[in-house]
Chemist: 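Have a look at the structure that comes next, please.
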Protein chains: 2
Amino acid sequence: MREFMAITKALADQNRTRILLFLGDGELCVCQIIEMLGLAPSTVSKHLTILHQAGLLESRKQGRWIHYRVARDGSPQVRNAIEFARAGLADDPRVAEDRERLATVLKMDVADLCCRYKTQEPT
Amino acid sequence: MREFMAITKALADQNRTRILLFLGDGELCVCQIIEMLGLAPSTVSKHLTILHQAGLLESRKQGRWIHYRVARDGSPQVRNAIEFARAGLADDPRVAEDRERLATVLKMDVADLCCRYKTQEPT
DNA sequence: CACTTGATTCGTTATTTGGCGAAGTGTAAT
DNA sequence: ATTACACTTCGCCAAATAACGAATCAAGTG
């Protein structure tokens, strides 16, 4: 029950579900996820922590960067949850939008991204 | 996305998930669900409304009683969610406890239940 | 009709949650 | 070593949420 509630609570936020979906089978560093969501770094970090603690994400530290990806060796509950989210939102317009936007973000220089989230762009 | 979020938010509460599971394939009136959860009628009513609006439950009015059951003709998302919850908690001790308790509640006279939830039992 | 009664809605309260910015951590570069 | 930087933690605030009791609604019953 503990695990199930952690998972459903993790999924019960739109931004967290978006993260899970646009990660797909790839890997993104935190600054790229920040760029995708357009939220404050601290907020995104918290979301990532919640997803990670629920077992939905795994992380990899590489120098100063931390890369997140969807958990590959998750428990049955975790795997079911991921499948449930993917199936339910496969055709969602918001998710499609994120997929497109991801292509753009991936083309950006990571260094630019990381700098950008500190110095507020003038819009 | 709307529907998905409604479902995950509905599942993101332990009491609501319990309702979904101990309903099983049967039907219970609100006073029985109140007895199962041991919460105030108004609270339970709200939980039922949330589950119903998410499409997870259907209701049937019979005289003064309202019977709830798990939605049979739900959308794909709804069906997946129900399956996800059932699979994830099939072996959960809390759920097993509820299943046992349900047997007791089903043996009670419904009229007694409905009276009881107003006049706080001395235990 | 008045009365009871099962269930919901309303109003309030306490807790949780999502968001931000500032401060802290740890790692690379200078 | 000092600085820069990627990320997290902390402290705070506003909004959402779970809980309750009181009031209300709806449907039998006397």
Side-chain angles (χ1 to χ4, degrees), chain A residues 5-19 27-54 57-69 105 108-121, chain B residues 5-6 8-19 27-54 57-69 105 108-120:
Chain A
M5 293 313 301
I7 291 172
T8 53
K9 280 176 192 290
L11 292 178
D13 177 274
Q14 195 169 16
N15 290 321
R16 285 196 291 267
T17 298
R18 285 175 63 204
I19 292 173
E27 197 180 49
L28 293 177
C29 83
V30 178
C31 61
Q32 291 171 313
I33 299 172
I34 288 168
E35 179 68 19
M36 286 292 294
L37 294 181
L39 295 175
S42 57
T43 304
V44 174
S45 182
K46 199 176 207 174
H47 283 315
L48 290 170
T49 302
I50 290 170
L51 286 164
H52 187 252
Q53 298 215 48
L57 298 187
E58 61 187 67
S59 65
R60 182 175 67 88
K61 193 165 187 175
Q62 183 186 27
R64 268 179 296 190
W65 289 271
I66 298 182
H67 298 265
Y68 281 91
R69 63 175 301 148
V105 171
M108 297 178 181
D109 186 354
V110 179
D112 287 350
L113 281 184
C114 297
C115 292
R116 185 183 311 187
Y117 83 67
K118 296 213 163 176
T119 64
Q120 288 285 3
E121 278 184 291
Chain B
M5 293 313 299
T8 53
K9 280 176 193 289
L11 291 178
D13 177 275
Q14 194 170 15
N15 290 322
R16 286 196 291 268
T17 298
R18 284 175 63 203
I19 292 173
E27 198 180 47
L28 292 177
C29 84
V30 178
C31 60
Q32 293 173 312
I33 299 172
I34 288 167
E35 178 69 19
M36 285 291 294
L37 294 181
L39 295 175
S42 58
T43 305
V44 173
S45 182
K46 196 171 203 176
H47 282 317
L48 290 170
T49 301
I50 290 170
L51 285 164
H52 187 252
Q53 298 214 53
L57 298 188
E58 63 187 66
S59 65
R60 180 175 69 87
K61 194 166 187 174
Q62 182 185 26
R64 268 179 295 193
W65 290 270
I66 298 181
H67 297 264
Y68 281 91
R69 64 175 301 147
V105 171
M108 296 178 182
D109 186 356
V110 179
D112 287 350
L113 280 184
C114 297
C115 293
R116 187 183 310 187
Y117 84 67
K118 297 215 161 171
T119 64
Q120 288 284 4

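Naming convention: chains lettered A, B, ... in sequence-line order (proteins, then strands); numbering from 1 in each chain.
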Chemist: For the pair made of CD1 in B:Ile34 and P in C:dG6, what is the distance, rounded to whole Å?
Modeler: 10 Å
Chemist: Would you find a donor on one side and an acceptor on the other, under 3.5 Å apart, between the side chain of B:Arg16 and the backbone of B:Leu11?
Modeler: no
Chemist: Could you tell me whether the side chains of A:His67 and A:Gln62 share a donor-acceptor contact shorter than 3.5 Å?
Modeler: yes
Chemist: Between A:Arg64 and A:Ala40, which residue's closest nucleotide on DNA chain C lies nearer the 5′ terminus?
Modeler: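 Looking at the nearest nucleotide for each, A:Ala40 comes out on the 5' side.
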Chemist: Distance check needed: C:dG6 P versus B:Arg60 CZ, whole Å only.
Modeler: 17 Å
Chemist: Measure from CG on A:Leu51 to P on C:dG18 and round the result to the nearest Å.
Modeler: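 To the nearest whole Å, that distance equals 10 Å.
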Chemist: Please say which of B:Val30, B:Leu51, B:Ile19 ends up in a side chain to side chain contact (heavy atoms under 4.5 Å, CB included) with B:Tyr68.
Modeler: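 Among B:Val30, B:Leu51, B:Ile19, the one meeting side chain to side chain contact (heavy atoms under 4.5 Å, CB included) with B:Tyr68 is B:Val30.
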Chemist: Whole angstroms only, please: what is the NE2-C1' distance between A:His47 and C:dC20?
Modeler: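 Distance, rounded to whole Å: 12 Å.
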Chemist: In whole angstroms, how far is the C1' atom of C:dG19 from the CZ atom of A:Arg16?
Modeler: 12 Å
Chemist: Give a yes/no answer on whether the side chain of A:Tyr68 brings an N or O atom under 4.0 Å of OP1 or OP2 in D:dT8.
Modeler: yes
Chemist: Compare the minimum distances between each of D:dA6, C:dA7, C:dG19 and the side chain of A:Leu39, then state the nucleotide with the smallest one.
Modeler: C:dG19
Chemist: Heavy-atom nearest nucleotide on DNA chain C for A:Val44 versus B:Leu48: which residue maps closer to 5'?
Modeler: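 Closest to the 5' end, via its nearest nucleotide, is B:Leu48.
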Chemist: Looking at D:dT8, D:dA26, C:dG26, which one has an atom nearest to any side-chain atom of A:Lys61?
Modeler: C:dG26
Chemist: Can you tell me if A:Lys61 uses its side chain to pair, donor with acceptor, with the backbone of A:Ile66 under 3.5 Å?
Modeler: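 Not confirmed, A:Lys61 side chain does not pair with A:Ile66 backbone.
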Chemist: Nearest to the side chain of A:Ser45, which nucleotide is it out of D:dT8, D:dA19, C:dG19?
Modeler: D:dT8
Chemist: Any idea which of D:dA18, C:dT8, C:dA22 is nearest the B:Pro41 side chain?
Modeler: C:dT8
Chemist: Can you tell me the distance, in whole Å, between the CG atom of A:Asp13 and the P atom of C:dT17?
Modeler: 11 Å
Chemist: Below the 4.0 Å mark, does D:dC20 have OP1 or OP2 next to a side-chain nitrogen or oxygen of B:Thr43?
Modeler: yes
Chemist: Rounded to the nearest Å, what distance is computed from the CD atom of residue B:Gln14 to the C1' atom of nucleotide D:dT17?
Modeler: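 Going from B:Gln14 (CD) to D:dT17 (C1'), I get 16 Å.
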Chemist: Would you say the side-chain atoms of A:Thr17 pair up with the backbone N or O of A:Asp13, donor to acceptor, closer than 3.5 Å?
Modeler: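 Such a contact is found between A:Thr17 side chain and A:Asp13 backbone.
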Chemist: Please state how far atom NZ in B:Lys46 lies from atom P in C:dA7, giving the value in whole angstrom units.
Modeler: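 For the pair B:Lys46 NZ and C:dA7 P, the rounded distance is 19 Å.
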